[in-house]
K.L.:
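Below are the structure tokens for one structure; questions will follow.
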Amino acid sequence: MKTWPVATLLFLFGISLHAQQSDLKNWYNDPFFTLSQGFADCPVPLGPMMTHAQMESDAHYRVERGTTCWLAHKCSKPNSYLYDAPIADAIHAHFTDPHAFDGTSIWIMVQRRFVYVDGCAPRSFDRHALQQELEAIPDVEQVFMRIGTDAHGPLPYKTLAAPDDPANGHVDEDTAPK
């Protein structure tokens, strides 16, 4: 009889975890889009998806990060996130060749004038050239290249299918946003 309360608690805990994962959404409407999809089995990045609890936890920090640019006189707009949609539009306009990224699966996320490039590409893909093209887009402050070469191994970005997998999403200190 004493196992019922424990089983009930475990069941409710399981439902709670499932509800949290299904609660993933792009709460702030950060630009997140596919540039290419030609690398077999490349997992979709987590991108700006987060739970409601994560969104609430991040809200104050996000406001603070957004206005710092303006307060430091590095932005003309009062919040650095206001640049994100125009940057995304410029990326779309710049990359119009449908074959430029053959053999790759690349997603772009723009947050606070930072461009995150997640996905998979063969070792021969010129990551540096892509980074330089993105850095040349007006108002882009920094570009973070997180492209793996093995869709079945650890990836340099968190995935939508396994957002809590510690094997994915390792960020080097040199490329972490500051």
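In what follows, residues are counted from 1 in the order of the sequence shown. The figures that follow rest on heavy atoms only: side chains count, while hydrogens, waters and symmetry mates do not.
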K.L.:
Identify the two heavy atoms, one from Cys42 and one from Ser105, that lie closest to each other, and give their separation to 0.1 Å.
P.N.:
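It is CB-CB, 3.7 Å.
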K.L.:
Please give me the minimum heavy-atom distance between Val110 and Ile108, naming the atom from each residue.
P.N.:
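Shortest heavy-atom contact: CG2-CG2, 4.1 Å.
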K.L.:
For Leu160 and Leu24: C-alpha separation, side-chain torsions, deciding distance, then whether side-chain contact (heavy atoms from CB on, under 4.5 Å) applies.
P.N.:
CA-CA 9 Å; Leu160 187 59; Leu24 291 175; 4.2 Å; yes
K.L.:
Any chance you could measure Glu133, atom CD, to His128, atom NE2, to the nearest 0.5 Å?
P.N.:
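Answer for the CD-NE2 pair, Glu133 versus His128, is 11.0 Å.
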K.L.:
Compare every heavy atom of Pro122 with every heavy atom of Gly103, then report the nearest pair and how far apart it is.
P.N.:
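Scanning both residues completely, I find the closest heavy atoms to be O-CD, 3.3 Å.
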K.L.:
Is there a side-chain contact (heavy atoms from CB on, under 4.5 Å) between Phe32 and Leu46? Walk through the geometry before answering.
P.N.:
CA-CA 10 Å; Phe32 180 59; Leu46 179 61; over 6 Å; no
K.L.:
Search all heavy atoms of Ile137 against all heavy atoms of Ile91 and return the closest pair with its distance.
P.N.:
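Distance-wise, the nearest heavy atoms are CD1-CG1, 3.4 Å.
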K.L.:
Do you reckon Phe125 sits in the same ILVMFWY cluster as Phe39, going by side-chain contacts under 4.5 Å, direct or chained?
P.N.:
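No.
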K.L.:
For Ala121, is there any backbone N or O sitting under 3.5 Å from a side-chain donor or acceptor partner on Arg127?
P.N.:
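Yes.
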K.L.:
Where do Glu135 and Gln142 land on the side-chain contact (heavy atoms from CB on, under 4.5 Å) test, with the steps shown first?
P.N.:
CA-CA 7 Å; Glu135 288 172 341; Gln142 199 163 356; 5.9 Å; no
K.L.:
Main chain of Thr51, side chain of Gln54: is a donor-acceptor contact present, judged purely on distance under 3.5 Å?
P.N.:
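Present.
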K.L.:
Is there a path of hydrophobic side-chain contacts, each under 4.5 Å between heavy atoms of I, L, V, M, F, W or Y residues, that connects Leu82 with Ile87?
P.N.:
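No, Leu82 does not connect to Ile87 through the hydrophobic network.
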K.L.:
Nearest 0.5 angstrom please: Met49 CE to Thr159 OG1, how far?
P.N.:
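Taking CE in Met49 and OG1 in Thr159, the distance rounds to 12.5 Å.
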K.L.:
Looking at Arg65 and Asp58, does any basic side-chain N land under 4.0 Å from a carboxylate oxygen?
P.N.:
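Yes, Arg65 and Asp58 are salt-bridged.
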K.L.:
Which heavy atom of Met50 sits nearest to which heavy atom of Trp27, and what is that distance?
P.N.:
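Looking at all heavy atoms of both residues, the shortest contact is O-NE1, 2.8 Å.
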K.L.:
Among side-chain atoms of Thr104 and Ser36, is any donor-acceptor pair under 3.5 angstrom?
P.N.:
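Their side chains do contain a donor-acceptor pair, which is all the 3.5 Å distance test asks for.
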K.L.:
Whether the side chain of Asp118 engages the backbone of Trp107 through a donor-acceptor N/O pair (distance < 3.5 Å, no angle test) should be reported.
P.N.:
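Between the backbone of Trp107 and the side chain of Asp118 there is no qualifying donor-acceptor contact (under 3.5 Å).
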K.L.:
Taking the side chain as everything from C-beta on, heavy atoms only, tell me whether Lys158 gets closer than 4.5 Å to Pro45.
P.N.:
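A side-chain contact is absent here, since even the closest heavy-atom pair is not under 4.5 Å.
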K.L.:
Is it true that Met109 and Met55 fall in one hydrophobic cluster, defined by side-chain heavy atoms closer than 4.5 Å?
P.N.:
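In one cluster: no.
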K.L.:
Does the salt bridge (charged side-chain N to carboxylate O under 4.0 Å, His left out) test come out yes or no for Lys77 and Asp84, once each step is laid out?
P.N.:
CA-CA 11 Å; Lys77 296 179 182 180; Asp84 295 348; over 6 Å; no
K.L.:
Cation-pi check, Arg112 to Tyr83: give yes when NZ or CZ is under 6.0 Å from the six-membered ring centre and within 45° of the ring axis, no otherwise.
P.N.:
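That pair does not qualify as a cation-pi contact.
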K.L.:
Using only atom types and a distance under 3.5 Å, with no angle test, would you say the side chain of Asn168 pairs donor to acceptor with the backbone of Leu155?
P.N.:
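The answer is yes, because a donor-acceptor pair under 3.5 Å joins these two groups.
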K.L.:
Taking atom types as modelled, find out whether Thr34 and Gln37 have a side-chain donor-acceptor pair closer than 3.5 angstrom.
P.N.:
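Short answer, no.
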K.L.:
What verdict does the side-chain contact (heavy atoms from CB on, under 4.5 Å) test give for Asp30 and Tyr28, after you've listed the backbone C-alpha separation in whole Å, the side-chain angles of each residue and the deciding distance to 0.1 Å?
P.N.:
CA-CA 5 Å; Asp30 293 322; Tyr28 297 107; 4.0 Å; yes
K.L.:
If you take the centroid of each ring, where Trp contributes its six-membered ring, are Phe144 and Phe114 closer together than 6.0 Å?
P.N.:
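Yes: the rings meet the under 6.0 Å criterion.
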K.L.:
Flag this pair as yes if the NZ/CZ of Arg146 is under 6.0 angstrom from the six-membered ring centre of Tyr116 and inside a 45 degree cone about the axis; otherwise no.
P.N.:
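Not flagged: Arg146 not positioned over aromatic ring of Tyr116.
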K.L.:
Can you tell me how far SG of Cys69 sits from CD of Glu141, rounded to the nearest 0.5 angstrom?
P.N.:
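Reported to 0.5 Å precision, the distance equals 6.0 Å.
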K.L.:
Step through the shown structure and confirm whether more than 12 heavy atoms of other residues, nucleotides or ligands are within 6.0 Å of CH2 on Trp70.
P.N.:
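Open: at most 12 neighbouring heavy atoms sit under 6.0 Å from CH2 of Trp70.
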K.L.:
Search all heavy atoms of Val44 against all heavy atoms of Tyr157 and return the closest pair with its distance.
P.N.:
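Between these two residues, the closest heavy atoms are C-CE1, 4.3 Å.
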K.L.:
Is any side-chain heavy atom of Phe33 closer than 4.5 Å to a side-chain heavy atom of Ile106?
P.N.:
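No, side chains not in contact.
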K.L.:
Look up atom NE2 in His94 and atom CG in Asp89, then write down how far apart they are to the nearest 0.5 Å.
P.N.:
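Rounded to the nearest 0.5 Å, the NE2-CG separation comes to 14.5 Å.
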K.L.:
Are Pro138 and Pro86 close enough that some pair of their side-chain heavy atoms sits under 4.5 Å apart?
P.N.:
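No, their side chains stay 4.5 Å or more apart.
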K.L.:
Just by distance, no angles: are the side chains of Asp102 and His99 close enough, under 3.5 Å, to form a donor-acceptor pair?
P.N.:
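There is such a pair (donor and acceptor under 3.5 Å, judged by atom type) between the side chains of Asp102 and His99.
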K.L.:
Quick one: pull up CG in Asn79 and CZ in Arg62 and give me the separation to the nearest 0.5 Å.
P.N.:
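Reported value, rounded in 0.5 Å steps: 8.0 Å.
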K.L.:
Distance-only, no hydrogens or angles: does the Ser57 side chain make a donor-acceptor pair with backbone N or O of Ala53 under 3.5 Å?
P.N.:
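Answer holds: no.
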K.L.:
Hey, is the main chain of Asp139 close enough, under 3.5 Å, to the side chain of Arg113 for a donor-acceptor pair?
P.N.:
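Yes: the side chain of Arg113 pairs with the backbone of Asp139.
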K.L.:
SG/Cys75 to OH/Tyr81 distance, rounded to the nearest 0.5 angstrom?
P.N.:
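Interatomic distance, Cys75 SG to Tyr81 OH, rounded to 0.5 Å: 11.5 Å.
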